[in-house]
**Q** 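Following this message is one structure expressed as structure tokens.
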Number of protein chains: 2
Amino acid sequence: MEQLRQTLKVHHLRTTTCREDVLSTFINKKNALSHGDLEGALGENYDRVTIYRTLKTFLEKGIIHKVLDDEGLRYALCSHSCSEEKHQHDHIHFKCNACGETNCLENQHIPAVQLPQGYKPENFNLLIQGTCPKCNN
Amino acid sequence: MEQLRQTLKVHHLRTTTCREDVLSTFINKKNALSHGDLEGALGENYDRVTIYRTLKTFLEKGIIHKVLDDEGLRYALCSHSCSEEKHQHDHIHFKCNACGETNCLENQHIPAVQLPQGYKPENFNLLIQGTCPKCNN
DNA sequence: CTTTCATTTGCAACGGTGTTGCAGTATTTA
DNA sequence: TAAATACTGCAACACCGTTGCAAATGAAAG
């Protein structure tokens with residue numbers, strides 16, 4: 001709770017109940033969340049637009065990052081605290097086709113890829129789809 | 001032209017001008033296309049909805065596949081003809097942040113990833129963002 | 001504690017995306 | 001050429017994400 005405020009303060013954001021709630025939702029549910037998920041969880045307390053703006057702000061400040069799967073856009077906490085200037089996201093996301101959850105695989109890094117001449121890579125994003133341990137029985 | 005019809009026939013689709021035009025657009029422009037791109041190119045001739053349905057049909061038949069980047073959804077031709085049953089897409093997409101184009105890197109495959117216990121992968125999707133050869137000067 | 005100022009929120013409205021139902025049209029097959 | 005089937009266009013709709021503006025809230029200073 002105090003830690004939430006600390007996180008917001010570090011990123012020069014005012015502490016508001018919406019931001020606290022969104023942030024703690026990300027921390028509690030560990031998987032990636034869509035705007036719709038958050039609206040489902042917090043929608044009675046906050047306006048749609050406010051949640052959109054909160055996500056946008058968190059994105060810009062490097063608190064969360066985008067996660068893409070074939071169904072659309074989600075967001076997940078940045079593990080290694082990213083800054084507004086630098087986002088380093090060469091980690092892997094796993095989407096389970098059974099339960100639908102998408103998770104970051106921490107500590108897993110994307111193996112080096114040999115690109116053809118002239119390509120200058122800056123960001124890597126690997127999405128693996130399949131079945132997760134929970135659903136794999 | 002005759003080849004287009006052949007492609008449609010192989011997948012048990014009726015040859016219509018819309019399908020021919022959409023397919024030839026994919027073949028001519030080599031990069032991944034969004035629905036909006038196609039609507040821009042063909043929108044005067046066909047209804048929005050028809051283009052959506054054409055894309056959906058091509059997806060199901062394995063003629064095209066989805067390409068995701070942080071701006072949304074695009075589609076690209078399947079190189080190794082996929083079937084309705086099996087889609088194998090362990091190739092790499094490169095999105096240029098300068099010109100905005102997204103391309104499939106043919107012949108490039110995603111290196112093996114060691115997943116934690118219990119994860120059963122089925123599909124791999126690697127998006128690399130950076131600068132492409134055309135823009136890299 | 002109160003005042004002030006900047007930031008944040010809620011509301012209303014809007015454009016874009018993608019889907020569905022249905023009637024009419026085009027394509028295939030025989 | 002006719003009949004059956006598949007495809008298209010139109011209208012309508014739900015959902016996603018954004019913007020402008022007025023009101024409310026938080027931070028900081030007196």
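In the text below, chain A, chain B and the rest are named by the order of the sequence lines, each starting its count at 1.
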**Q** Should A/L127 and B/L105 be counted in the same cluster of Ile, Leu, Val, Met, Phe, Trp and Tyr side chains packed under 4.5 Å apart?
**A** no
**Q** Tell me which of B/L73 and A/D47 sits closer to the 5' end of DNA chain C, going by the nucleotide each one is nearest to.
**A** A/D47
**Q** Counting just side-chain N and O atoms, does B/K56 come under 4.0 Å of either OP1 or OP2 of C/dT17?
**A** no
**Q** In the single-linkage hydrophobic clustering (I, L, V, M, F, W, Y; side-chain heavy atoms under 4.5 Å), do B/Y52 and B/L38 co-cluster?
**A** no
**Q** Check this one for me: any side-chain N or O of A/T16 less than 4.0 Å away from OP1 or OP2 of D/dT25?
**A** no
**Q** If you take all heavy atoms of B/R19 and B/R14, which pair is closest and at what distance?
**A** NH1-O, 3.1 Å
**Q** Check the distance between D/dG9's P and B/L42's CG and give it to me in whole angstrom.
**A** 11 Å
**Q** For B/N125 and B/K66: C-alpha separation, side-chain torsions, deciding distance, then whether side-chain contact (heavy atoms from CB on, under 4.5 Å) applies.
**A** CA-CA 10 Å; B/N125 217 314; B/K66 289 186 179 182; over 6 Å; no
**Q** Rounding to an integer number of Å, can you tell me how far B/H12 NE2 sits from C/dT29 P?
**A** 11 Å
**Q** With respect to the phosphate group of D/dT18, does any side-chain polar atom (N or O) of A/Y52 fall under 4.0 Å of OP1 or OP2?
**A** no
**Q** Rounded to whole angstrom units, what separation is found between the OH atom of B/Y75 and the C1' atom of C/dT17?
**A** 10 Å
**Q** Between A/R19 and C/dT8, is there a side-chain N or O to OP1/OP2 distance below 4.0 Å?
**A** yes
**Q** Let me spell it out: for each of A/T54 and A/V49, pick the nucleotide of DNA chain C with the closest heavy atom. Which residue's pick is nearer the 5' end?
**A** A/T54
**Q** Please tell me if B/T17 has a side-chain N or O lying less than 4.0 Å from either OP1 or OP2 of C/dT27.
**A** no
**Q** What integer distance in Å separates B/D70:CG from D/dC16:P?
**A** 19 Å
**Q** Tell me whether A/K29 is salt-bridged to A/D37, with the criterion being a basic N under 4.0 Å from an acidic carboxylate O.
**A** no
**Q** Provide, to the nearest angstrom, the distance between the CG atom belonging to B/L13 and the C1' atom belonging to D/dT8.
**A** 15 Å
**Q** Mapping A/R14 and B/I51 to their closest nucleotides on DNA chain D, which lands nearer the 5' end?
**A** B/I51
**Q** Under 4.0 Å, heavy atoms only, any strand: does A/T15 hit a base, just the sugar-phosphate, or nothing?
**A** sugar-phosphate
**Q** Between atom NZ in A/K66 and atom C1' in D/dC16, what is the gap in whole Å?
**A** 13 Å
**Q** Atom NE2 of B/H35 and atom P of C/dG15: how far apart are they, to the nearest Å?
**A** 18 Å
**Q** Mind calculating the distance between NZ (B/K9) and P (C/dT28) to the nearest angstrom?
**A** 8 Å
**Q** If you check every side-chain atom of A/R53, which of C/dT8, C/dC22, D/dT19 has the closest atom?
**A** D/dT19
**Q** Does A/R48 make a side-chain donor-acceptor contact with the base of C/dG10, cut-off 3.5 Å?
**A** no
